[in-house]
Engineer: 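Pasting a structure here, questions to come.
Predicted, not measured: the structure shown is a model, and the values here were computed from it.
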Amino acid sequence: MARLTSVVAAALVLVAVEAKAQTPTVTPLLVNGPDADKKVLVVLGDGYQDADMPDYNLWVQQRLIDGVFANDEYFRANHTAFNVYRVNIASPESGVTIRKYSAGCGTSPNGDDVLDTTCTPTSASPCYTKDTALDYVYTGCWGRCWMEGSANTSAQITAILDQVVPKRDFQIRVLNVLTGGGGGCGGGGSLTVTNAENWQTLAHELGHMVSGLYDEYVASAYRTVQYPSGAVNARNCSTDLTQAGVVWSSLMSPGITVPPATVWDPATMDIDDTVGMFEGCKTYGLGIYRPVQNCRMRSENAGQFCPVCTQVMDGTLAGFPDDASDYMFYANYAGASCRGNAGLSYTSGANVSNPGAAASTLICPTRRISDPSGNLSNTVFGEAFVVDRSTTADVCCQMFGRTPNGNMQAGTNVCTTGSGTDYQRLHMDLPKVRQPYTFAHYSMKCTLPAVSSGAASSILTYRIIQQRY
């Protein structure tokens with residue numbers, strides 16, 4: 001067949017876009033001002049039929065709003081830089097296309113990808129084609145970024161978003177992968193993630209999307225491989241092993257000297273805050289360095305973004321967040337402010353302990369804060385500094401909000417690990433709530449285990465952090 005002219009080909013693409021796209025709807029999830037003054041983040045899904053939309057809506061709420069913007073320290077502190085919109089666009093079929101590769105899968109430097117033509121919809125490694133709004137394909141291949149668009153994907157997305165969110169800075173695409181496959185891939189202002197992933201993976205990919213941060217982990221195939229692509233000295237990876245030359249030299253922690261490369265010492269270093277030059281970055285194990293031992297960009301389940309990644313993202317978002325004093329309020333309380341069952345011990349140091357033979361549940365209250373305009377906070381976080389002396393049970397705490405008529409919203413129950421005399425820090429959240437009731441209150445609830453071998457567990461201090469979205 002003769003090649004189509006560019007005009008005819010463009011016309012066919014447009015027809016395909018119009019034919020596949022049903023009427024999209026848009027729902028604001030987080031609005032902090034006019035779109036012109038904020039970074040506009042839009043979320044849209046692929047492979048969701050009308051009947052699947054509740055699952056898609058819940059995923060966006062739990063992973064992005066109640067996940068990243070509530071639990072990640074950086075994005076929680078800078079959430080006012082963003083306006084977030086969810087776009088719903090129904091696909092003709094449920095699920096996305098699955099494509100399999102029988103060798104390589106992009107994970108080796110040999111480029112030995114071979115399309116698997118033997119897989120079937122019912123095989124142990126199924127593959128099939130779905131008719132979806134965005135024409136995404138899921139491969140499950142790390143080396144192929146887990147998923148890939150088809151020839152019309154970019155045009156489909158542009159046509160849909162131009163209708164409902166014409167001004168946009170960042171895009172999240174969520175794939176409904178029926179086989180439960182995971183994966184995420186981000187950069188250049190967009191990211192794609194499967195419905196199997198958690199909020200930690202989404203936060204990691206947001207680092208790629210927002211500021212082009214590099215991966216700090218080392219791929220298994222490249223653990224003993226020298227970085228092959230020449231000099232790098234930008235953002236959060238560097239091949240310049242010199243104190244003054246590395247791009248993050250101003251953030252280097254006191255006492256760190258390079259060369260040689262920094263060696264992790266858990267006794268003297270903080271895992272995501274001590275800045276040096278740790279070997280292994282940008283997926284290669286040798287000859288390239290990252291700033292800290294374990295940042296969000298090295299492991300999705302790491303503590304937080306490191307100081308270097310934070311500085312890079314600060315540059316991207318400069319001028320967009322509101323002044324933190326306008327929306328975030330901290331209040332520290334002594335552990336003795338908590339009240340519970342009879343028999344608790346309140347010490348002269350203002351701690352509360354449980355010397356009893358049974359576990360005790362305590363309520364630790366806070367004062368709900370209003371801004372200068374009288375608007376009450378609607379989001380609450382908490383940190384508890386506790387000592388777990390029990391060898392058989394844990395200290396567990398969670399946030400909750402309750403209305404006078406008994407309607408209660410509760411956050412995740414967070415527990416200690418192990419036992420000992422040192423305090424442990426628990427970080428808790430209450431999912432974002434637009435609480436319309438003036439007399440609703442917030443509190444932290446904790447369970448102190450029974451005395452263990454004569455040693456009592458205790459709450460030393462707790463902190464309540466409140467915001468208004």
Side-chain angles (χ1 to χ4, degrees), residues 1 4 8-29 41-64 84-101 115-117 119-123 125-141 144-166 168 171-186 190-197 202:
M1 179 182 292
L4 295 170
V8 175
L12 287 181
V13 168
L14 181 59
V15 169
V17 170
E18 292 177 345
K20 290 179 71 69
Q22 317 224 349
T23 303
T25 61
V26 60
T27 303
L29 299 181
L41 170 58
V42 58
V43 189
L44 68 167
D46 194 28
Y48 292 91
Q49 290 183 304
D50 284 326
D52 301 319
M53 286 304 170
D55 292 335
Y56 164 68
N57 295 345
L58 183 63
W59 191 98
V60 177
Q61 182 68 32
Q62 290 183 337
R63 280 14 177 239
L64 182 61
V84 180
Y85 298 94
R86 188 192 71 231
V87 172
N88 291 64
I89 177 73
S91 290
E93 293 186 278
S94 181
V96 296
T97 296
I98 304 292
R99 183 179 296 154
K100 294 292 182 180
Y101 291 86
L115 188 64
D116 186 351
T117 59
C119 58
T120 68
T122 57
S123 70
S125 179
C127 57
Y128 45 76
T129 299
K130 294 283 188 178
D131 184 10
T132 65
L134 307 182
D135 285 330
Y136 261 106
V137 175
Y138 178 72
T139 66
C141 295
R144 300 181 70 90
C145 222
W146 302 103
M147 64 280 293
E148 53 200 19
S150 300
N152 290 339
T153 297
S154 179
Q156 302 278 19
I157 293 172
T158 299
I160 292 167
L161 295 185
D162 281 350
Q163 296 180 59
V164 290
V165 192
R168 54 194 181 268
Q171 299 175 30
I172 297 175
R173 298 87 176 258
V174 185
L175 306 191
N176 185 20
V177 179
L178 300 181
T179 58
C185 192
S190 67
L191 70 87
T192 309
V193 67
T194 79
N195 58 332
E197 288 298 349
L202 186 58

Engineer: Output all residues satisfying side-chain contact (heavy atoms from CB on, under 4.5 Å) with Trp146, sequence neighbours left out; order by chain, then residue number.
Structural biologist: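 Result, side-chain contact (heavy atoms from CB on, under 4.5 Å) vs Trp146: Tyr138, Trp142.
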Engineer: Output yes when a side-chain donor or acceptor of Thr120 lies under 3.5 Å from a complementary backbone atom of Ser123, and no otherwise.
Structural biologist: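 At least one qualifying donor-acceptor pair exists.
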Engineer: Main chain of Val165, side chain of Arg168: is a donor-acceptor contact present, judged purely on distance under 3.5 Å?
Structural biologist: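 Flag set: sc Arg168 to bb Val165 pair under 3.5 Å.
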Engineer: Do Tyr48 and Val96 come close enough that some side-chain heavy atom pair is under 4.5 Å?
Structural biologist: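 The answer is no; the side chains never approach within 4.5 Å.
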Engineer: Look up atom CD in Gln171 and atom CG in Leu191, then write down how far apart they are to the nearest 0.5 Å.
Structural biologist: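 Between Gln171 CD and Leu191 CG, I get 9.5 Å after rounding to 0.5 Å.
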Engineer: Checking Glu93 now: which residues fulfil side-chain contact (heavy atoms from CB on, under 4.5 Å) with it, not counting sequence neighbours?
Structural biologist: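 Glu93: side-chain contact (heavy atoms from CB on, under 4.5 Å) contacts with Lys130, Asp131.
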Engineer: For Thr192, what residues pass the side-chain hydrogen bond (donor to acceptor under 3.5 Å, both in side chains) criterion, not counting sequence neighbours?
Structural biologist: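 side-chain hydrogen bond (donor to acceptor under 3.5 Å, both in side chains) check on Thr192 returns Tyr136.
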Engineer: Applying salt bridge (charged side-chain N to carboxylate O under 4.0 Å, His left out), can you list everything that pairs with Arg99, at least two apart in sequence or on another chain?
Structural biologist: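 Partners of Arg99 under the salt bridge (charged side-chain N to carboxylate O under 4.0 Å, His left out) test: Glu148.
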Engineer: I need the Asn176 CG to Ser91 OG distance, nearest 0.5 Å.
Structural biologist: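 If we round to the nearest 0.5 Å, Asn176:CG and Ser91:OG are 8.5 Å apart.
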Engineer: For the residue pair Lys100 and Thr139, establish whether any side-chain heavy-atom pair is separated by less than 4.5 Å.
Structural biologist: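 Not in contact.
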Engineer: Apply side-chain hydrogen bond (donor to acceptor under 3.5 Å, both in side chains) to Asp116 and list each qualifying residue two or more places apart in sequence or on a separate chain.
Structural biologist: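 With neighbours one apart ignored, the set is Thr118.
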Engineer: Using a 4.5 Å cut-off on heavy atoms from C-beta on, say whether the side chain of Ile172 contacts that of Ser190.
Structural biologist: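 A side-chain contact is absent here, since even the closest heavy-atom pair is not under 4.5 Å.
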Engineer: Name all residues meeting the side-chain hydrogen bond (donor to acceptor under 3.5 Å, both in side chains) criterion together with Asn57; count only those two or more places apart in sequence or in a different chain, and write none if there are none.
Structural biologist: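 Partners of Asn57 by the side-chain hydrogen bond (donor to acceptor under 3.5 Å, both in side chains) criterion, ordered by chain and then number, come out as Arg86, Asn88.
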Engineer: Would you please name every residue forming a side-chain contact (heavy atoms from CB on, under 4.5 Å) with Pro28, sequence neighbours left out?
Structural biologist: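 Val31, Tyr85.
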Engineer: Hey, could you give me the CG/CG distance between Asn195 and Leu58, rounded to the nearest 0.5 Å?
Structural biologist: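 It is 11.5 Å, given to the nearest 0.5 Å.
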Engineer: Return the OH to SG distance between Tyr101 and Cys127, rounded to the nearest 0.5 Å.
Structural biologist: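 So the OH of Tyr101 and the SG of Cys127 are separated by 11.0 Å.
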Engineer: For Ala159, is there any backbone N or O sitting under 3.5 Å from a side-chain donor or acceptor partner on Asp162?
Structural biologist: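 Not confirmed, Asp162 side chain does not pair with Ala159 backbone.
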Engineer: Quick one: CD on Glu197 to CG on Leu202, what's the gap to the nearest 0.5 Å?
Structural biologist: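 If we round to the nearest 0.5 Å, Glu197:CD and Leu202:CG are 9.5 Å apart.
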Engineer: Determine yes or no for a side-chain-to-main-chain donor-acceptor pair under 3.5 angstrom, with Thr158 supplying the side chain and Ser154 the backbone.
Structural biologist: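 Pair found, side chain donor or acceptor close to backbone of Ser154.
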Engineer: Could you tell me which residues satisfy side-chain hydrogen bond (donor to acceptor under 3.5 Å, both in side chains) with Tyr56, sequence neighbours excluded, listed by chain and number?
Structural biologist: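 In terms of side-chain hydrogen bond (donor to acceptor under 3.5 Å, both in side chains), with neighbours along the sequence ignored, Tyr56 is linked to no residue.
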Engineer: Is it the case that the side chain of Thr97 and the backbone of Thr129 share a donor-acceptor pair, with hydrogens and angles ignored and the cut-off at 3.5 Å?
Structural biologist: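 No; judged by distance alone, with no hydrogens or angles, the pair does not exist.
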Engineer: Between Val87 and Ile160, is any pair of side-chain heavy atoms under 4.5 Å apart?
Structural biologist: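 The answer is yes, as the side chains (C-beta and beyond) meet within the 4.5 Å cut-off.
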Engineer: Judged by atom type as modelled, is there a donor-acceptor pair below 3.5 Å linking the side chain of Thr194 to the main-chain atoms of Leu175?
Structural biologist: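 Answer holds: no.
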Engineer: Val84 vs Val60, test: side chain to side chain contact (heavy atoms under 4.5 Å, CB included). Steps then yes/no.
Structural biologist: CA-CA 10 Å; Val84 180; Val60 177; 5.8 Å; no
Engineer: Who passes side-chain contact (heavy atoms from CB on, under 4.5 Å) against Ser150, sequence neighbours left out?
Structural biologist: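 side-chain contact (heavy atoms from CB on, under 4.5 Å) check on Ser150 returns Asp135, Val137, Thr153.
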Engineer: Between CG of Leu161 and CD1 of Ile89, what distance do you get to the nearest 0.5 Å?
Structural biologist: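 Rounded to the nearest 0.5 Å, the CG-CD1 separation comes to 9.5 Å.
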